[in-house]
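First comes the structure, then the notes that go with it.
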Amino acid sequence: MTLDEQRISAELRRMADEARPVDALAYAARARAGSTRRRRLSLSVAGLAAAASVIAAVTVATGATGTGPDGVTAAEVDRLPDNTPEQARAVRACMPQGGPVHSMDGRRRIPEHGAVEDFRLLVEYRDEGGSTALVGSRAGFVLCTPSTPEELAERAVFTYWGFKAPGNMRGFPGALQVDAYTSQSRYEEGQDKATRDQTYRVVVGRVTADVRRVEIDWADGRRTDARIADGFFIARVLGKPVPSPDGGKPSTVLDSPPVTVTAYGPQNQVLEQVTDEAYGPLGRGTGY
C-alpha cells in the first residue's frame, strides 16, 4: 500500500487538533486520495494501524498547561480506564437502580444520564469516618458515600461535566475546575440497632497535569489537601451543625460557608485559586 507522506502527517496533526476519538483508517484513506502525482511512501497496513492506535488514544486538552509524571490527566483523555473488580462492585452498590436517579426519588432512574456500566471510580477520599468517591462517566458524575444499612446511602444524583448536556469532561479553562461543593451523609447502624448519621462537606473537581496539590480552605479554620488521581480531585471534612437561621425546623442546619480551592504546581506555586465557591446541591444543569 502506498501513501503520501506529507498528507499522512497533515491528517495525523488534524486528528490531534480535533481532540476526540477518530477512525484512523478513515484518515489514512483520506490521505491516499490525490496522491498519484506526489512522492510516495510505502507503509504496511499493520504499521499504519499501530501508529494510528497510539495517536487515536491521545488528545489535546483545552486549557492544559503542562504534563504530569504519566503525561495525561482527566482533562486530556477522551475515555476512562476500566474499573478494578473492587471498584466495579462499589459503583454498582452506589447505583442499585442501574444508573443515576432523581434527586427526590431514589427509586426513579434517569436513563438519559447513563447506565452503571458507563461509570468509573475516579478518585476516593477516605478518613476515619468512611469514604466518599467521585464516580464519573464521560458525560458527568455522581458522588458515592457508603452507609450501613445500604438502603440509607445517599442517592446517586447526576451532574454534567461543565453543567450542561451532553457534558464535557475535558473542557475547562485554566488549571482548576470545581465541579461540586456539596454535602454527603453517612448512616451507620450501631449494636443497639439505632441509626446514627454524620454529614460531610465535600468538594470535587478536575485539574490539569501540572497540578501537584489541591488545598481546600473550609472557612472555619480547617484546611484539607484533596486526594488527586488522574486529573480528578476530592476532599471532605465532617460537617458542623449550627442553629437554623429562622428558628424553625429542623432546629439545626449544616454550617456551609463558601470555600476557597487552590491548585499548586511543582514548585508549590499557586497555579489557580477559586474563592467564595458557594455550597449547592448536585444535579446542576440536569433539570432534575
Side-chain angles (χ1 to χ4, degrees), residues 61-65 73-75 103 122-127 129 131-136 139-145 154-164 167-186 198-242 245 253-265 268-288:
T62 302
T65 56
T73 69
S103 59
L122 303 174
V123 63
E124 185 175 31
Y125 193 96
R126 289 184 173 273
D127 53 31
S131 67
T132 296
L134 174 62
V135 173
F141 65 92
V142 301
L143 294 181
C144 299
T145 302
E154 288 274 11
R155 299 183 180 97
V157 177
F158 181 87
T159 304
Y160 284 110
W161 302 117
F163 312 118
K164 64 179 180 180
N168 187 350
M169 185 177 68
R170 299 166 314 196
F172 61 93
L176 171 69
Q177 172 67 47
V178 178
D179 289 298
Y181 165 36
T182 190
S183 63
Q184 289 277 285
S185 293
R186 174 181 179 268
Q198 293 180 315
T199 300
Y200 295 84
R201 296 161 66 192
V202 182
V203 174
V204 302
R206 294 165 284 164
V207 291
T208 51
D210 46 354
V211 173
R212 297 294 185 272
R213 184 168 69 91
V214 174
E215 180 188 70
I216 291 84
D217 182 340
W218 300 98
D220 61 2
R222 291 180 290 179
R223 292 173 181 263
T224 300
D225 279 357
R227 305 288 192 269
I228 303 176
D230 300 318
F232 301 96
F233 73 87
I234 184 171
R236 77 176 195 175
V237 293
L238 187 61
K240 298 178 180 178
V242 294
V253 296
L254 178 68
D255 185 26
S256 52
V259 298
T260 297
V261 185
T262 308
Y264 295 89
N268 207 36
Q269 76 275 28
V270 174
L271 297 180
E272 188 167 348
Q273 185 175 77
V274 176
T275 60
D276 296 322
E277 180 71 25
Y279 173 91
L282 297 172
R284 179 175 171 185
T286 65
Y288 291 96

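When reading the values below, keep in mind they use all heavy atoms of this one structure, side chains included, and skip hydrogens, waters and symmetry mates.
Asn168 places none of its side-chain heavy atoms less than 4.5 Å from the side chain of Tyr160. Side-chain contact between Val261 and Phe233: present, with at least one pair of heavy atoms (C-beta onward) separated by less than 4.5 Å. Side chains of Leu122 and Arg206 form no contact here, defined as non-hydrogen atoms less than 4.5 Å apart. Thr286 has its side chain out of reach of Thr159: every pair of non-hydrogen atoms, C-beta onward, lies at least 4.5 Å apart. Side-chain contact between Val203 and Ile234 is absent, with no heavy-atom pair separated by less than 4.5 Å. Put simply, the side chain of Val123 does not reach to within 4.5 Å of the side chain of Asp230, judged on heavy atoms. Side-chain contact between Phe232 and Val204: absent, with no pair of heavy atoms (C-beta onward) separated by less than 4.5 Å. Residues Asp217 and Thr262 form no side-chain contact, since every pair of their non-hydrogen atoms from C-beta on lies 4.5 Å or further apart.
Taken to the nearest 0.5 Å, the OG1 atom of Thr132 stands 10.0 Å off from the CZ atom of Arg126. The distance from atom CZ of Arg236 to atom CH2 of Trp218, rounded to the nearest 0.5 Å, is 10.0 Å. To the nearest 0.5 Å, atoms CG (Asp225) and CD1 (Ile216) are separated by 7.5 Å. One finds the CZ atom of Phe172 at 7.0 Å from the CD atom of Gln177 (value rounded to the nearest 0.5 Å). In this structure, CG on Asp255 lies 6.0 Å from CZ on Arg201, to the nearest 0.5 angstrom. Put simply, CG on Leu271 and OG1 on Thr208 are 7.0 Å apart, with the number rounded to the nearest 0.5 Å.
In this structure, Ala180 and Leu282 approach most closely via the heavy-atom pair CB-CD2, 3.8 Å. Of all heavy-atom pairs between Asp179 and Phe163, the closest is O-CE2, 3.3 Å. The minimum heavy-atom distance between Ser185 and Thr199, with the atom names listed, is OG-OG1, 2.9 Å. Residues Thr182 and Gly280 share a closest heavy-atom pair of OG1-O, 3.0 Å. In terms of heavy atoms, Val253 sits closest to Pro245 at CG2-CD, 4.1 Å. Heavy-atom minimum distance, Ala219 versus Pro258: CB-O, 3.3 Å.
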side-chain contact (heavy atoms from CB on, under 4.5 Å) between Val211 and Tyr264, intermediate numbers included: CA-CA 6 Å; Val211 173; Tyr264 295 89; over 6 Å; no
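Tyr125 pairs by the side-chain hydrogen bond (donor to acceptor under 3.5 Å, both in side chains) definition with nothing, not counting sequence neighbours.
Although no hydrogens or angles enter the test, the distance criterion places no donor-acceptor pair under 3.5 Å between the side chain of Glu272 and the main chain of Gly174.
Neither side chain, Glu154 nor Thr145, offers a donor N or O lying under 3.5 Å from an acceptor on the other.
Residue pairs that meet the side chain to side chain donor-acceptor pair (under 3.5 Å) test with at least one member in residues 275-284, sequence neighbours left out, are Ser183-Tyr279.
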